[in-house]
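Below is one structure; the comments refer to it alone.
What you see below is based on every heavy atom in this structure, not just the backbone, and it leaves out hydrogens, waters and symmetry mates. Naming convention: chains lettered A, B, ... in sequence-line order (proteins, then strands); numbering from 1 in each chain.
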2 protein chains.
Amino acid sequence: MTQSRPMRADARRNYERLLKVAAEAFAEHGENASLDDIAKRAGVGSGTLYRHFPTRQALLEAAYLDRIEALGVRADELAGELPPGEALTEWLYELAVGTLQVRGMKALLGSAVTQSGAAALTVCGDVVKGAVARLVEAAQAEGALRGDVAPIEVLRLAHGVASAAELAGAGEPEIRRYLGLLREGLRAG
Amino acid sequence: MTQSRPMRADARRNYERLLKVAAEAFAEHGENASLDDIAKRAGVGSGTLYRHFPTRQALLEAAYLDRIEALGVRADELAGELPPGEALTEWLYELAVGTLQVRGMKALLGSAVTQSGAAALTVCGDVVKGAVARLVEAAQAEGALRGDVAPIEVLRLAHGVASAAELAGAGEPEIRRYLGLLREGLRAG
DNA sequence: ATAAGATACGGAGAGAGTCCCCGGTTTGCA
DNA sequence: TGCAAACCGGGGACTCTCTCCGTATCTTAT
(Lines give C-alpha, C1' and ligand atoms only; values in the text may rest on other atoms or scores of the structure.)
Protein backbone atom coordinates (compact mmCIF):
# COMPACT_ATOMS: atom_id res chain seq x y z
CA MET A 1 0.00 0.00 0.00
CA THR A 2 2.53 2.62 1.05
CA GLN A 3 4.80 2.90 -1.97
CA SER A 4 8.44 3.77 -1.53
CA ARG A 5 8.09 5.87 -4.67
CA PRO A 6 4.89 7.73 -5.39
CA MET A 7 2.67 6.07 -7.98
CA ARG A 8 3.14 7.06 -11.56
CA ALA A 9 0.50 9.50 -12.73
CA ASP A 10 -1.17 7.16 -15.22
CA ALA A 11 -1.13 4.34 -12.69
CA ARG A 12 -2.94 6.45 -10.15
CA ARG A 13 -5.47 7.56 -12.74
CA ASN A 14 -6.25 3.96 -13.64
CA TYR A 15 -6.36 2.89 -10.03
CA GLU A 16 -9.01 5.44 -9.27
CA ARG A 17 -11.06 4.78 -12.37
CA LEU A 18 -11.09 1.10 -11.46
CA LEU A 19 -12.26 1.83 -7.96
CA LYS A 20 -15.12 3.97 -9.18
CA VAL A 21 -16.26 1.54 -11.84
CA ALA A 22 -15.92 -1.42 -9.48
CA ALA A 23 -18.15 0.19 -6.89
CA GLU A 24 -20.84 0.68 -9.54
CA ALA A 25 -20.47 -2.82 -10.91
CA PHE A 26 -20.60 -4.52 -7.54
CA ALA A 27 -23.61 -2.44 -6.56
CA GLU A 28 -25.40 -3.44 -9.72
CA HIS A 29 -24.42 -7.08 -10.20
CA GLY A 30 -23.44 -8.15 -6.72
CA GLU A 31 -20.20 -9.58 -5.50
CA ASN A 32 -19.73 -11.76 -8.57
CA ALA A 33 -19.64 -8.99 -11.12
CA SER A 34 -17.31 -9.83 -13.97
CA LEU A 35 -13.83 -8.46 -13.39
CA ASP A 36 -12.99 -8.32 -17.07
CA ASP A 37 -16.09 -6.28 -17.54
CA ILE A 38 -15.03 -3.88 -14.83
CA ALA A 39 -11.66 -3.49 -16.54
CA LYS A 40 -13.32 -2.90 -19.88
CA ARG A 41 -15.72 -0.33 -18.49
CA ALA A 42 -12.84 1.45 -16.83
CA GLY A 43 -11.03 1.53 -20.16
CA VAL A 44 -8.05 -0.51 -19.02
CA GLY A 45 -6.74 -3.95 -19.85
CA SER A 46 -7.48 -6.82 -17.53
CA GLY A 47 -3.80 -7.11 -16.70
CA THR A 48 -3.92 -3.66 -15.20
CA LEU A 49 -6.82 -4.60 -12.99
CA TYR A 50 -5.10 -7.69 -11.68
CA ARG A 51 -1.88 -5.82 -11.06
CA HIS A 52 -3.60 -3.30 -8.83
CA PHE A 53 -5.97 -5.76 -7.15
CA PRO A 54 -4.68 -9.30 -7.04
CA THR A 55 -7.94 -10.79 -5.80
CA ARG A 56 -11.62 -10.06 -6.04
CA GLN A 57 -11.72 -9.47 -2.30
CA ALA A 58 -9.01 -6.84 -2.54
CA LEU A 59 -10.99 -4.91 -5.12
CA LEU A 60 -14.22 -5.29 -3.22
CA GLU A 61 -12.68 -4.00 -0.07
CA ALA A 62 -10.92 -1.12 -1.76
CA ALA A 63 -14.07 -0.11 -3.62
CA TYR A 64 -16.10 0.31 -0.46
CA LEU A 65 -13.44 1.39 1.98
CA ASP A 66 -14.63 4.98 2.00
CA ARG A 67 -18.19 3.96 2.66
CA ILE A 68 -17.12 1.72 5.51
CA GLU A 69 -15.05 4.46 7.02
CA ALA A 70 -18.02 6.79 6.79
CA LEU A 71 -19.98 4.27 8.84
CA GLY A 72 -17.28 4.38 11.47
CA VAL A 73 -17.52 8.15 11.67
CA ARG A 74 -21.29 8.02 11.69
CA ALA A 75 -21.23 5.80 14.77
CA ASP A 76 -19.54 8.52 16.76
CA GLU A 77 -21.87 11.20 15.43
CA LEU A 78 -24.89 9.20 16.50
CA ALA A 79 -23.35 8.45 19.88
CA GLY A 80 -23.15 12.19 20.46
CA GLU A 81 -26.68 12.99 19.29
CA LEU A 82 -28.84 10.22 20.73
CA PRO A 83 -29.16 8.15 23.90
CA PRO A 84 -26.99 5.01 23.63
CA GLY A 85 -29.79 2.56 22.90
CA GLU A 86 -31.23 4.66 20.11
CA ALA A 87 -27.82 5.42 18.69
CA LEU A 88 -27.16 1.71 18.35
CA THR A 89 -30.52 1.05 16.74
CA GLU A 90 -30.11 3.86 14.27
CA TRP A 91 -26.59 2.87 13.35
CA LEU A 92 -27.63 -0.70 12.75
CA TYR A 93 -30.40 0.61 10.54
CA GLU A 94 -28.00 2.61 8.46
CA LEU A 95 -25.66 -0.34 8.27
CA ALA A 96 -28.42 -2.62 7.05
CA VAL A 97 -29.63 -0.10 4.50
CA GLY A 98 -26.12 0.20 3.12
CA THR A 99 -25.83 -3.56 3.03
CA LEU A 100 -28.90 -3.88 0.87
CA GLN A 101 -28.70 -0.80 -1.31
CA VAL A 102 -25.25 -1.75 -2.44
CA ARG A 103 -25.26 -5.41 -3.18
CA GLY A 104 -21.54 -5.95 -3.07
CA MET A 105 -21.37 -4.59 0.45
CA LYS A 106 -23.38 -7.44 1.80
CA ALA A 107 -20.69 -9.93 0.90
CA LEU A 108 -18.02 -7.61 2.18
CA LEU A 109 -19.60 -7.02 5.55
CA GLY A 110 -20.59 -10.65 5.78
CA SER A 111 -17.08 -11.92 5.39
CA ALA A 112 -15.90 -9.27 7.81
CA VAL A 113 -17.78 -10.93 10.66
CA THR A 114 -17.20 -14.59 9.99
CA GLN A 115 -15.05 -16.61 12.29
CA SER A 116 -12.69 -17.78 9.61
CA GLY A 117 -12.46 -15.04 7.02
CA ALA A 118 -10.92 -12.46 9.31
CA ALA A 119 -7.54 -12.54 7.62
CA ALA A 120 -8.65 -11.10 4.32
CA LEU A 121 -10.46 -8.09 5.66
CA THR A 122 -8.35 -6.36 8.21
CA VAL A 123 -9.29 -2.80 7.49
CA CYS A 124 -13.04 -2.96 6.87
CA GLY A 125 -13.52 -5.51 9.58
CA ASP A 126 -11.67 -3.45 12.15
CA VAL A 127 -13.57 -0.29 11.41
CA VAL A 128 -16.99 -1.90 11.66
CA LYS A 129 -16.16 -4.01 14.67
CA GLY A 130 -14.69 -1.02 16.46
CA ALA A 131 -17.77 1.08 15.77
CA VAL A 132 -20.24 -1.50 16.95
CA ALA A 133 -18.18 -2.25 20.04
CA ARG A 134 -18.33 1.38 21.12
CA LEU A 135 -22.07 1.59 20.59
CA VAL A 136 -22.84 -1.74 22.23
CA GLU A 137 -20.78 -1.05 25.30
CA ALA A 138 -22.35 2.35 25.78
CA ALA A 139 -25.83 0.88 25.48
CA GLN A 140 -25.02 -1.88 27.91
CA ALA A 141 -23.61 0.59 30.43
CA GLU A 142 -26.92 2.46 30.34
CA GLY A 143 -28.95 -0.70 30.73
CA ALA A 144 -30.48 -0.27 27.30
CA LEU A 145 -29.13 -3.58 26.05
CA ARG A 146 -28.77 -6.97 27.63
CA GLY A 147 -25.30 -7.56 28.95
CA ASP A 148 -24.79 -11.04 27.62
CA VAL A 149 -24.42 -10.26 23.94
CA ALA A 150 -21.10 -9.58 22.31
CA PRO A 151 -20.72 -6.75 19.80
CA ILE A 152 -19.90 -9.14 17.00
CA GLU A 153 -23.10 -11.03 17.69
CA VAL A 154 -25.02 -7.83 17.22
CA LEU A 155 -23.33 -7.37 13.87
CA ARG A 156 -24.19 -10.88 12.79
CA LEU A 157 -27.78 -10.45 13.82
CA ALA A 158 -27.99 -7.18 11.93
CA HIS A 159 -26.71 -9.02 8.89
CA GLY A 160 -29.44 -11.56 9.47
CA VAL A 161 -32.03 -8.80 9.61
CA ALA A 162 -30.73 -7.50 6.31
CA SER A 163 -31.07 -10.98 4.82
CA ALA A 164 -34.62 -11.23 6.07
CA ALA A 165 -35.50 -7.84 4.66
CA GLU A 166 -33.91 -8.79 1.37
CA LEU A 167 -36.32 -11.70 1.07
CA ALA A 168 -39.16 -9.31 1.67
CA GLY A 169 -38.07 -7.16 -1.25
CA ALA A 170 -35.47 -5.09 0.58
CA GLY A 171 -37.76 -2.19 1.35
CA GLU A 172 -36.50 0.12 4.06
CA PRO A 173 -39.72 -0.19 6.06
CA GLU A 174 -39.05 -3.93 6.40
CA ILE A 175 -35.57 -3.24 7.68
CA ARG A 176 -36.97 -0.94 10.34
CA ARG A 177 -39.62 -3.42 11.29
CA TYR A 178 -37.36 -6.46 11.57
CA LEU A 179 -34.69 -4.46 13.32
CA GLY A 180 -37.31 -3.32 15.78
CA LEU A 181 -38.20 -6.92 16.55
CA LEU A 182 -34.55 -7.78 17.03
CA ARG A 183 -34.10 -4.74 19.26
CA GLU A 184 -36.97 -5.99 21.36
CA GLY A 185 -35.22 -9.30 21.87
CA LEU A 186 -32.03 -7.56 22.87
CA ARG A 187 -33.42 -5.33 25.60
CA ALA A 188 -32.07 -5.73 29.08
CA GLY A 189 -34.29 -8.08 30.97
CA MET B 1 -44.56 -34.63 -13.69
CA THR B 2 -47.59 -36.90 -13.98
CA GLN B 3 -46.79 -38.96 -17.05
CA SER B 4 -49.59 -40.22 -19.26
CA ARG B 5 -47.56 -43.43 -19.55
CA PRO B 6 -45.62 -44.71 -16.58
CA MET B 7 -41.89 -44.01 -16.85
CA ARG B 8 -39.75 -46.59 -18.50
CA ALA B 9 -37.76 -48.61 -15.99
CA ASP B 10 -34.34 -47.28 -16.96
CA ALA B 11 -35.66 -43.74 -17.06
CA ARG B 12 -36.95 -44.05 -13.52
CA ARG B 13 -33.68 -45.58 -12.39
CA ASN B 14 -31.71 -42.66 -13.81
CA TYR B 15 -34.17 -40.16 -12.42
CA GLU B 16 -33.69 -41.48 -8.94
CA ARG B 17 -29.95 -41.78 -9.17
CA LEU B 18 -29.81 -38.17 -10.30
CA LEU B 19 -31.92 -37.07 -7.38
CA LYS B 20 -29.71 -38.83 -4.88
CA VAL B 21 -26.45 -37.58 -6.36
CA ALA B 22 -27.84 -34.06 -6.72
CA ALA B 23 -28.80 -33.91 -3.06
CA GLU B 24 -25.26 -34.87 -2.07
CA ALA B 25 -23.68 -32.45 -4.51
CA PHE B 26 -25.80 -29.49 -3.47
CA ALA B 27 -25.17 -30.28 0.18
CA GLU B 28 -21.46 -30.34 -0.40
CA HIS B 29 -20.90 -27.54 -2.90
CA GLY B 30 -23.93 -25.36 -2.39
CA GLU B 31 -26.52 -24.29 -4.87
CA ASN B 32 -24.00 -23.74 -7.66
CA ALA B 33 -22.72 -27.30 -7.82
CA SER B 34 -21.74 -28.29 -11.33
CA LEU B 35 -24.60 -29.94 -13.17
CA ASP B 36 -22.30 -31.71 -15.59
CA ASP B 37 -20.52 -33.12 -12.59
CA ILE B 38 -23.76 -34.35 -11.07
CA ALA B 39 -24.59 -36.11 -14.31
CA LYS B 40 -21.16 -37.69 -14.42
CA ARG B 41 -21.35 -38.88 -10.82
CA ALA B 42 -24.74 -40.37 -11.47
CA GLY B 43 -23.33 -42.23 -14.44
CA VAL B 44 -25.62 -40.60 -16.99
CA GLY B 45 -24.99 -38.24 -19.88
CA SER B 46 -25.64 -34.57 -19.36
CA GLY B 47 -28.44 -34.72 -21.90
CA THR B 48 -30.30 -37.09 -19.63
CA LEU B 49 -30.02 -34.73 -16.72
CA TYR B 50 -31.36 -31.82 -18.73
CA ARG B 51 -34.21 -33.87 -20.07
CA HIS B 52 -35.42 -34.76 -16.60
CA PHE B 53 -34.71 -31.40 -15.00
CA PRO B 54 -34.84 -28.50 -17.42
CA THR B 55 -33.44 -25.98 -14.95
CA ARG B 56 -31.18 -25.92 -11.95
CA GLN B 57 -34.10 -24.82 -9.80
CA ALA B 58 -36.14 -27.82 -10.89
CA LEU B 59 -33.39 -30.20 -9.82
CA LEU B 60 -32.81 -28.38 -6.56
CA GLU B 61 -36.44 -28.50 -5.67
CA ALA B 62 -36.84 -32.14 -6.63
CA ALA B 63 -33.73 -33.14 -4.71
CA TYR B 64 -35.01 -31.74 -1.43
CA LEU B 65 -38.71 -32.27 -1.82
CA ASP B 66 -38.76 -35.21 0.59
CA ARG B 67 -36.91 -33.27 3.23
CA ILE B 68 -39.27 -30.34 2.88
CA GLU B 69 -42.27 -32.58 3.15
CA ALA B 70 -40.78 -34.13 6.28
CA LEU B 71 -40.66 -30.64 7.74
CA GLY B 72 -44.33 -30.24 7.00
CA VAL B 73 -45.13 -33.45 8.83
CA ARG B 74 -42.84 -32.53 11.69
CA ALA B 75 -44.79 -29.33 12.24
CA ASP B 76 -47.91 -31.30 13.04
CA GLU B 77 -46.04 -33.71 15.28
CA LEU B 78 -44.62 -30.87 17.30
CA ALA B 79 -47.98 -29.17 17.48
CA GLY B 80 -49.32 -32.30 19.15
CA GLU B 81 -46.48 -32.70 21.62
CA LEU B 82 -45.69 -29.22 22.84
CA PRO B 83 -47.49 -26.03 23.79
CA PRO B 84 -47.94 -23.80 20.73
CA GLY B 85 -45.17 -21.34 21.52
CA GLU B 86 -42.61 -24.05 22.10
CA ALA B 87 -43.73 -26.02 19.09
CA LEU B 88 -43.11 -23.00 16.90
CA THR B 89 -39.68 -22.36 18.40
CA GLU B 90 -38.61 -25.95 18.04
CA TRP B 91 -39.84 -26.17 14.48
CA LEU B 92 -38.00 -23.02 13.49
CA TYR B 93 -34.91 -24.50 15.07
CA GLU B 94 -35.17 -27.63 13.02
CA LEU B 95 -35.82 -25.59 9.91
CA ALA B 96 -32.74 -23.48 10.51
CA VAL B 97 -30.58 -26.50 11.22
CA GLY B 98 -31.68 -28.10 7.96
CA THR B 99 -31.03 -24.84 6.15
CA LEU B 100 -27.44 -24.79 7.30
CA GLN B 101 -26.51 -28.45 7.33
CA VAL B 102 -27.53 -28.84 3.75
CA ARG B 103 -26.18 -25.88 1.89
CA GLY B 104 -28.40 -26.14 -1.12
CA MET B 105 -31.48 -25.93 1.00
CA LYS B 106 -30.71 -22.40 2.06
CA ALA B 107 -31.09 -21.15 -1.46
CA LEU B 108 -34.19 -23.23 -1.96
CA LEU B 109 -35.95 -22.06 1.17
CA GLY B 110 -34.77 -18.53 0.59
CA SER B 111 -36.33 -18.29 -2.81
CA ALA B 112 -39.47 -19.91 -1.45
CA VAL B 113 -40.19 -16.88 0.72
CA THR B 114 -39.28 -14.01 -1.55
CA GLN B 115 -41.92 -11.73 -2.88
CA SER B 116 -41.06 -12.31 -6.49
CA GLY B 117 -39.74 -15.84 -6.85
CA ALA B 118 -42.98 -17.53 -5.87
CA ALA B 119 -43.69 -18.89 -9.31
CA ALA B 120 -40.80 -21.30 -9.49
CA LEU B 121 -41.34 -22.98 -6.18
CA THR B 122 -44.94 -23.90 -5.83
CA VAL B 123 -44.58 -27.17 -3.98
CA CYS B 124 -41.81 -26.48 -1.51
CA GLY B 125 -43.08 -23.02 -0.86
CA ASP B 126 -46.59 -24.19 -0.17
CA VAL B 127 -45.52 -26.90 2.24
CA VAL B 128 -43.32 -24.65 4.33
CA LYS B 129 -45.71 -21.73 4.27
CA GLY B 130 -48.57 -23.98 5.29
CA ALA B 131 -46.64 -25.46 8.17
CA VAL B 132 -45.52 -22.16 9.57
CA ALA B 133 -48.98 -20.69 9.21
CA ARG B 134 -50.49 -23.42 11.35
CA LEU B 135 -47.88 -23.04 14.05
CA VAL B 136 -47.98 -19.26 14.09
CA GLU B 137 -51.73 -19.05 14.29
CA ALA B 138 -51.85 -21.56 17.12
CA ALA B 139 -49.22 -19.65 19.05
CA GLN B 140 -51.01 -16.37 18.49
CA ALA B 141 -54.31 -17.86 19.66
CA GLU B 142 -52.64 -18.86 22.93
CA GLY B 143 -51.05 -15.46 23.39
CA ALA B 144 -47.57 -16.89 23.05
CA LEU B 145 -46.73 -14.76 20.06
CA ARG B 146 -47.47 -11.18 19.18
CA GLY B 147 -50.43 -10.85 16.91
CA ASP B 148 -48.99 -8.38 14.44
CA VAL B 149 -46.56 -10.65 12.66
CA ALA B 150 -47.44 -12.62 9.57
CA PRO B 151 -46.34 -16.24 9.19
CA ILE B 152 -44.18 -15.42 6.22
CA GLU B 153 -42.37 -12.80 8.23
CA VAL B 154 -41.53 -15.43 10.80
CA LEU B 155 -40.06 -17.56 8.03
CA ARG B 156 -37.99 -14.71 6.72
CA LEU B 157 -36.69 -13.91 10.17
CA ALA B 158 -35.78 -17.54 10.73
CA HIS B 159 -33.87 -17.42 7.49
CA GLY B 160 -32.11 -14.35 8.84
CA VAL B 161 -31.24 -16.20 12.03
CA ALA B 162 -29.75 -18.98 9.95
CA SER B 163 -27.68 -16.42 8.04
CA ALA B 164 -26.44 -14.93 11.29
CA ALA B 165 -25.53 -18.34 12.65
CA GLU B 166 -23.77 -19.16 9.41
CA LEU B 167 -21.48 -16.20 9.92
CA ALA B 168 -20.71 -17.49 13.38
CA GLY B 169 -19.58 -20.80 11.94
CA ALA B 170 -22.97 -22.46 11.73
CA GLY B 171 -22.80 -24.25 15.05
CA GLU B 172 -26.12 -25.43 16.36
CA PRO B 173 -25.65 -23.66 19.69
CA GLU B 174 -25.53 -20.36 17.82
CA ILE B 175 -28.75 -21.18 16.06
CA ARG B 176 -30.46 -21.85 19.39
CA ARG B 177 -29.06 -18.71 20.88
CA TYR B 178 -29.99 -16.38 18.05
CA LEU B 179 -33.38 -17.99 17.67
CA GLY B 180 -33.93 -17.46 21.38
CA LEU B 181 -33.24 -13.76 20.95
CA LEU B 182 -35.63 -13.56 18.03
CA ARG B 183 -38.25 -15.43 20.02
CA GLU B 184 -37.87 -12.87 22.77
CA GLY B 185 -38.62 -10.09 20.33
CA LEU B 186 -41.70 -11.90 19.08
CA ARG B 187 -43.43 -12.48 22.40
CA ALA B 188 -46.83 -11.01 22.92
CA GLY B 189 -46.46 -7.69 24.65
C1' DA C 1 14.60 19.94 -24.06
C1' DT C 2 15.74 15.36 -24.47
C1' DA C 3 17.23 10.79 -24.01
C1' DA C 4 17.64 6.60 -21.02
C1' DG C 5 15.67 3.70 -17.90
C1' DA C 6 12.07 2.42 -14.93
C1' DT C 7 7.37 1.51 -14.73
C1' DA C 8 2.85 0.40 -16.22
C1' DC C 9 -0.21 -0.78 -19.94
C1' DG C 10 -3.03 -3.80 -23.09
C1' DG C 11 -5.28 -7.48 -24.79
C1' DA C 12 -4.56 -12.00 -26.76
C1' DG C 13 -4.91 -16.52 -25.29
C1' DA C 14 -4.85 -20.66 -22.31
C1' DG C 15 -7.54 -22.93 -19.07
C1' DA C 16 -11.57 -23.98 -16.58
C1' DG C 17 -16.53 -24.14 -16.40
C1' DT C 18 -21.43 -23.96 -17.65
C1' DC C 19 -25.39 -24.93 -20.37
C1' DC C 20 -27.54 -27.24 -23.81
C1' DC C 21 -28.34 -29.75 -28.27
C1' DC C 22 -27.89 -33.35 -31.50
C1' DG C 23 -27.68 -37.82 -33.92
C1' DG C 24 -26.30 -42.47 -33.57
C1' DT C 25 -27.12 -46.24 -30.36
C1' DT C 26 -29.24 -48.96 -26.82
C1' DT C 27 -33.08 -50.45 -24.00
C1' DG C 28 -37.55 -51.89 -22.55
C1' DC C 29 -42.24 -52.92 -23.33
C1' DA C 30 -46.19 -55.06 -25.78
C1' DT D 1 -39.53 -59.12 -32.57
C1' DG D 2 -40.37 -54.35 -33.66
C1' DC D 3 -40.48 -49.66 -32.61
C1' DA D 4 -41.04 -45.93 -29.53
C1' DA D 5 -38.67 -44.06 -25.83
C1' DA D 6 -34.61 -42.95 -23.59
C1' DC D 7 -29.68 -42.88 -23.43
C1' DC D 8 -24.87 -41.30 -24.23
C1' DG D 9 -21.28 -38.18 -24.60
C1' DG D 10 -18.99 -35.21 -27.84
C1' DG D 11 -18.95 -30.60 -29.08
C1' DG D 12 -20.45 -25.75 -29.80
C1' DA D 13 -21.27 -21.34 -27.94
C1' DC D 14 -20.69 -18.89 -24.06
C1' DT D 15 -18.56 -16.70 -19.86
C1' DC D 16 -15.04 -15.77 -16.56
C1' DT D 17 -10.26 -15.74 -14.63
C1' DC D 18 -5.61 -14.77 -14.79
C1' DT D 19 -0.86 -14.57 -17.01
C1' DC D 20 2.56 -13.13 -20.23
C1' DC D 21 5.48 -10.11 -22.70
C1' DG D 22 6.01 -6.68 -26.42
C1' DT D 23 4.89 -1.95 -26.36
C1' DA D 24 3.71 2.59 -24.72
C1' DT D 25 4.20 6.03 -21.26
C1' DC D 26 6.08 8.53 -17.55
C1' DT D 27 10.06 10.33 -14.76
C1' DT D 28 14.39 12.02 -13.92
C1' DA D 29 18.94 13.34 -14.76
C1' DT D 30 21.52 15.77 -17.83
Within the 4.5 Å heavy-atom criterion, are [X] and [Y] side-chain neighbours or not?
{"X": "A:Y50", "Y": "A:D36", "value": "yes"}
{"X": "A:L157", "Y": "A:V154", "value": "no"}
{"X": "B:L60", "Y": "B:Y64", "value": "yes"}

Near-strand residues of residues 25-38 of chain B, defined as heavy-atom separation under 4.0 angstrom from DNA chain C
B:S34, B:L35, B:D36
Specify the separation, in whole Å, of atom [atom1] of [X] and atom [atom2] of [N].
{"X": "B:R12", "N": "D:dA6", "atom1": "CZ", "atom2": "P", "answer": "12 Å"}
{"X": "A:Y15", "N": "C:dG10", "atom1": "OH", "atom2": "C1'", "answer": "20 Å"}
{"X": "A:F53", "N": "D:dT19", "atom1": "CZ", "atom2": "C1'", "answer": "18 Å"}
{"X": "A:H52", "N": "C:dT7", "atom1": "NE2", "atom2": "C1'", "answer": "11 Å"}
{"X": "A:R17", "N": "C:dG10", "atom1": "CZ", "atom2": "P", "answer": "10 Å"}
{"X": "B:L49", "N": "D:dC7", "atom1": "CG", "atom2": "P", "answer": "11 Å"}
{"X": "B:K40", "N": "D:dC7", "atom1": "NZ", "atom2": "P", "answer": "18 Å"}
{"X": "A:M7", "N": "C:dC9", "atom1": "CE", "atom2": "C1'", "answer": "13 Å"}

Scanning both residues in full, the closest heavy-atom pair of A:A33 with A:F26 reads CB-CD2, 4.1 Å
Smallest heavy-atom separation, B:A131 atom then B:A75 atom, equals CB-CB, 3.8 Å
Is any side-chain N or O of B:S46 under 3.5 Å from a base N or O of C:dC20, one able to act as donor and the other as acceptor?
yes
Before accepting this row, confirm whether a basic side-chain N of the pair [X]/[Y] lies closer than 4.0 Å to the acidic partner's carboxylate O.
{"X": "B:E90", "Y": "B:R176", "answer": "yes"}
{"X": "A:R12", "Y": "A:E16", "answer": "yes"}
{"X": "A:E69", "Y": "A:R74", "answer": "no"}
{"X": "B:E174", "Y": "A:R156", "answer": "no"}

DNA chain C nearest-nucleotide lookup for B:R56 and A:T48: closer to the 5′ end is A:T48
Please state whether the phosphate of D:dC7, meaning OP1 or OP2, lies under 4.0 angstrom from any side-chain nitrogen or oxygen of B:N14.
yes
Distance test, side-chain N/O of A:Y50 to OP1/OP2 of D:dT19, below 4.0 Å
no
Short heteroatom pairs, N/O only, protein and nucleotides 25-28 of chain C, under 3.5 Å:
from   : atom 1 : to    : atom 2 : distance (Å)
C:dT27 : O2     : B:R8  : NH1    : 3.1
C:dT27 : O2     : B:R8  : NH2    : 3.4
C:dG28 : OP1    : B:R13 : NH2    : 3.4

